[in-house]
Protein chains: 4
Amino acid sequence: MTEATLPRWQRKKDARPSEILDAALSLFVEKGFRATKMEDIARAANVTKGTPYLYFQNKEEIFKAVIQVNLSSRFAELAEIERQHSGSAAELLQQLMFKWWDEVGCTELAGICKLVIAEATNFPELTQFYAAEVIQPSLTMVGRILQRGIANGEFRAVPIESATDALLAPLVLAMTWAHSFGKVVPEGAGYSYKNSRHHLAEALDLVLNGLCVPGKNNN
Amino acid sequence: MTEATLPRWQRKKDARPSEILDAALSLFVEKGFRATKMEDIARAANVTKGTPYLYFQNKEEIFKAVIQVNLSSRFAELAEIERQHSGSAAELLQQLMFKWWDEVGCTELAGICKLVIAEATNFPELTQFYAAEVIQPSLTMVGRILQRGIANGEFRAVPIESATDALLAPLVLAMTWAHSFGKVVPEGAGYSYKNSRHHLAEALDLVLNGLCVPGKNNN
Amino acid sequence: MTEATLPRWQRKKDARPSEILDAALSLFVEKGFRATKMEDIARAANVTKGTPYLYFQNKEEIFKAVIQVNLSSRFAELAEIERQHSGSAAELLQQLMFKWWDEVGCTELAGICKLVIAEATNFPELTQFYAAEVIQPSLTMVGRILQRGIANGEFRAVPIESATDALLAPLVLAMTWAHSFGKVVPEGAGYSYKNSRHHLAEALDLVLNGLCVPGKNNN
Amino acid sequence: MTEATLPRWQRKKDARPSEILDAALSLFVEKGFRATKMEDIARAANVTKGTPYLYFQNKEEIFKAVIQVNLSSRFAELAEIERQHSGSAAELLQQLMFKWWDEVGCTELAGICKLVIAEATNFPELTQFYAAEVIQPSLTMVGRILQRGIANGEFRAVPIESATDALLAPLVLAMTWAHSFGKVVPEGAGYSYKNSRHHLAEALDLVLNGLCVPGKNNN
DNA sequence: CATGAATGAGATTTCATTCAT
DNA sequence: CATGAATGAAATCTCATTCAT
């Protein structure tokens, strides 16, 4: 894949645009799309009010660019890990899940997930983009791994889609809630996200346990 | 009475509040809180701009009322079912989950969940209200049932919080996404919510399977 | 003067209208014309929102009626006192001034003065009425008394208008400020209206002293 | 540059605030605070609706600024005149009074006085500000001069507060009424403010005459 | 006569966007 | 390229007034 074929939003080499997008990301995640003022974005990027308009047509375009820049790139790497993996499917699922958690889930980037959910119906085009670039690859990859696990006798012959859902739901929820309830109800009404990584590991274990062929515990 | 003599307005003091809340629910779910204009709510409720203010102090109060009326009330009933149940814990979990799905999850009401997630940081007071009225009771109830299942030897001694999370996450996610991605990407990028109830049942089975003591299938 | 020739606003014998006007007076004096809501007037008069409109065309008409009812009547009585007075001009001025102070100046009615000043340019018609019914008679009467005092050697031959002004200004100011600054800065920035009556007496003495023929102190 | 190419707006950062305050002053004096619309102020200042908000937080702040800019500043100068004065107290009082009249009393600025009286109870904070910045200094200064006049045998030993009141009341009243009745009843019901300066001089003379020690005419 | 639910014009304020400098 | 003053559409909320009951 050459430089020339990289998508438009990755080609900007100037620092300005990405400073603006970084500022926008933080503010969008913190306040939501509507409540974030262009002037705040500009100020957070150390430029003045008019400058963002030199790089982006309007606030919507910034929103799109923020999501495009921050998420699309990560799937090639995950796919590479999947290709090179030689151990059990369960191990691979755990490895990928934790990698995603550490690089996205427990960072500001997780807020994008909340953002997209919140604004999905206001930005259909973007939502489709996100579905194609993030959701689709995730589901496909996990489905593929499950299939392999079933094929090699590691997992029971469960319905792929439902199992994928059961596996990913805790992760997605943890990411989403950390940026909604987590900000407001820190001790989460009896449900703590303080130790989310550990917590997530346990939920994953549980589901993997349900997946595994009885008597053949791969965990 | 001809069209020309139709009264400019009709007095319906008792009906108004719920008409307004119904209108608000649909619009909030569709567009989000900020993007929903008071005048739209009014028009959707067949009244004029000022009328909602006769019944609610402002838009936020309408938001709160929407949640109170539609969700808070349901938990007493769920608790009653729990109290009267005499079968297995797994059965109870399934029964409650499907009841919730049928009455909330697969209806417009599920959109409230998305709404709260989306607006959480903008309305901390409301988020706390939702956490106390909806999330807390759910988590407590599921936790209690799990505990009982472990106590009577039906389930393995898993960590309660993580298991609760694993059980509820698919439900919450299904509700949330139906009102974000579901509206925009109907065929869900390879992940269909078309048959959500069936789908949910399978995910639940899977997790319950992971919970159960090997050799003792209670489903 | 027969009943039939009484001005329109005094002919209403029902209690309702005057209850409404009393309520309106208090509220207008307290909050000003614009800030007083029709509903507040209604509530203060123990009727409902629509009732004032059965008696008055709109808020402006209530404002007019409030002023007409409360002030016009008092001048006949003052004129009668003037006619029957046989002592010195200075004594008469003092007597009238205190009578006005005790019946109007130190009561809620004084607030009308502030009201008219505040709304004068918004209600020219009313202002003209007030000028004709209240200001004009006052000035004429005081001028007449001064003239008499000069004629009988009690006062120096001062310009009538300026002397009238000097005599009445402290009274008017006391009335006005009691309903503006007096409400907000009770201790009046070094200038106390607590003992306004005493205070007023002294200011009047001072001006009368300036009026009197030297060597002939009538006070 | 033809009419057609006139810029939609002009940048005048430094000039704007005072243009806005000037426009606001005229409108406030003419219509009162509540009745003056922000859009009117903007239009009178040749800007659009939003521009005043670039310089002032809201209408109240404009009100405050109008008073600060136009009145607060003048007292230092008056105090300086007082300090440098070496003649009689009566002369000083006349000089100050006429200076104030010429610079404030007979100009649009006098309308501020009416304004504050009218809106006092609606803006307690502002009223306190005005009391501290305008009323208090005036009263103190006049009181000080009276005291000096009494000390050096020029005036009789009258009560300071009442004498201050008698001296200032005609001035304040002239300022106030010029912007209420004066606008509506130009010939003032037999009481003309046409020659206010002359008129005021006479009233002042009268009061000073009442103040002076008999046989010792300092005027 | 009286009520009070409903109307709808109107006012304040916000903020994405423009464009002269 | 960058600035930031200015624009003006839009949104919330108020309240005088109306009129079916």
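Chain A is the first sequence line, chain B the second, and so forth, proteins listed ahead of strands; every chain is numbered from 1.
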What residues from residues 24-43 of chain A pass a heavy-atom cutoff of under 4.0 Å to DNA chain E? T36(A), K37(A), M38(A)
Tell me whether the OP1 or OP2 atom of dT3(E) has a side-chain N or O from T51(C) closer than 4.0 Å. yes
For K64(B), give me all partners under salt bridge (Lys or Arg N to Asp or Glu O under 4.0 Å), at least two apart in sequence or on another chain. E61(B), E125(B)
Residues 29-39 of chain D, side-chain donor-acceptor partners within the protein, below 3.5 Å, at least two apart:
residue, atom, partner, partner atom, Å
T36(D), OG1, L27(D), O, 3.2
T36(D), OG1, G32(D), O, 2.7

Please, what dot-bracket string fits DNA chain F when only Watson-Crick and G-U pairs with both distances under 3.5 Å count, crossing ones use [ ] and pairs to another strand use |? .||||||||||||||||||||
By nearest heavy atom, map Q57(C) and L54(D) onto DNA chain F; which one lands nearer the 5' end? L54(D)
OP1 or OP2 of dA2(F) versus the side-chain N and O atoms of Y55(A): is any pair under 4.0 Å? yes
With side-chain contact (heavy atoms from CB on, under 4.5 Å) as the test, pick out the partner of F28(A) among I112(A), V66(A), I67(A). V66(A)
If only side-chain N and O atoms of R16(B) are considered, is one of them under 4.0 Å from the OP1 or OP2 phosphate oxygen of dA5(E)? no
Determine all donor-acceptor pairs shorter than 3.5 Å in which one atom belongs to a side chain in residues 44-53 of chain C; sequence neighbours excluded.
residue, atom, partner, partner atom, Å
T51(C), OG1, T48(C), O, 3.4

One pair to check against ring pair (Phe, Tyr, Trp, His ring centres under 6.0 Å): F129(D) and F123(D). What are the steps and the verdict? CA-CA 10 Å; F129(D) 173 82; F123(D) 301 97; over 10 Å; no
Distance check: side-chain N/O of K59(B) vs OP1/OP2 of dT12(F), anything under 4.0 Å? yes
Whole-Å distance separating the CD atom of E60(C) from the P atom of dA16(F): 12 Å
Quick check: closest heavy atoms across A65(B) and F56(B), and the distance to 0.1 Å? CB-CE2, 3.8 Å
From the options dT7(E), dT13(E), dA2(F), select the nucleotide whose nearest atom is closest to the side chain of K49(D). dT13(E)
Distance-minimising heavy-atom pair for A120(B) and V184(A): O-CG2, 3.7 Å
Between dA6(F) atom C1' and E19(D) atom CD, what is the distance in whole Å? 13 Å
Please give, in whole Å, the distance from dT12(F) P to F56(B) CZ? 16 Å
Could you give the CG-to-C1' distance, from D14(D) to dG4(F), as a whole number of Å? 13 Å
For E119(A), the salt bridge (Lys or Arg N to Asp or Glu O under 4.0 Å) test, sequence neighbours excluded, returns none
Atom CG of N58(A) and atom C1' of dC15(E) are separated, to the nearest Å, by 14 Å
Interatomic distance, Y53(B) OH vs dA9(E) P [rounded to whole Å]: 16 Å
Can you give me the closest heavy-atom contact between T121(D) and S180(C), atom names plus distance? CG2-O, 4.3 Å
Nearest whole Å is fine: how far is dT12(F) C1' from I20(B) CD1? 16 Å
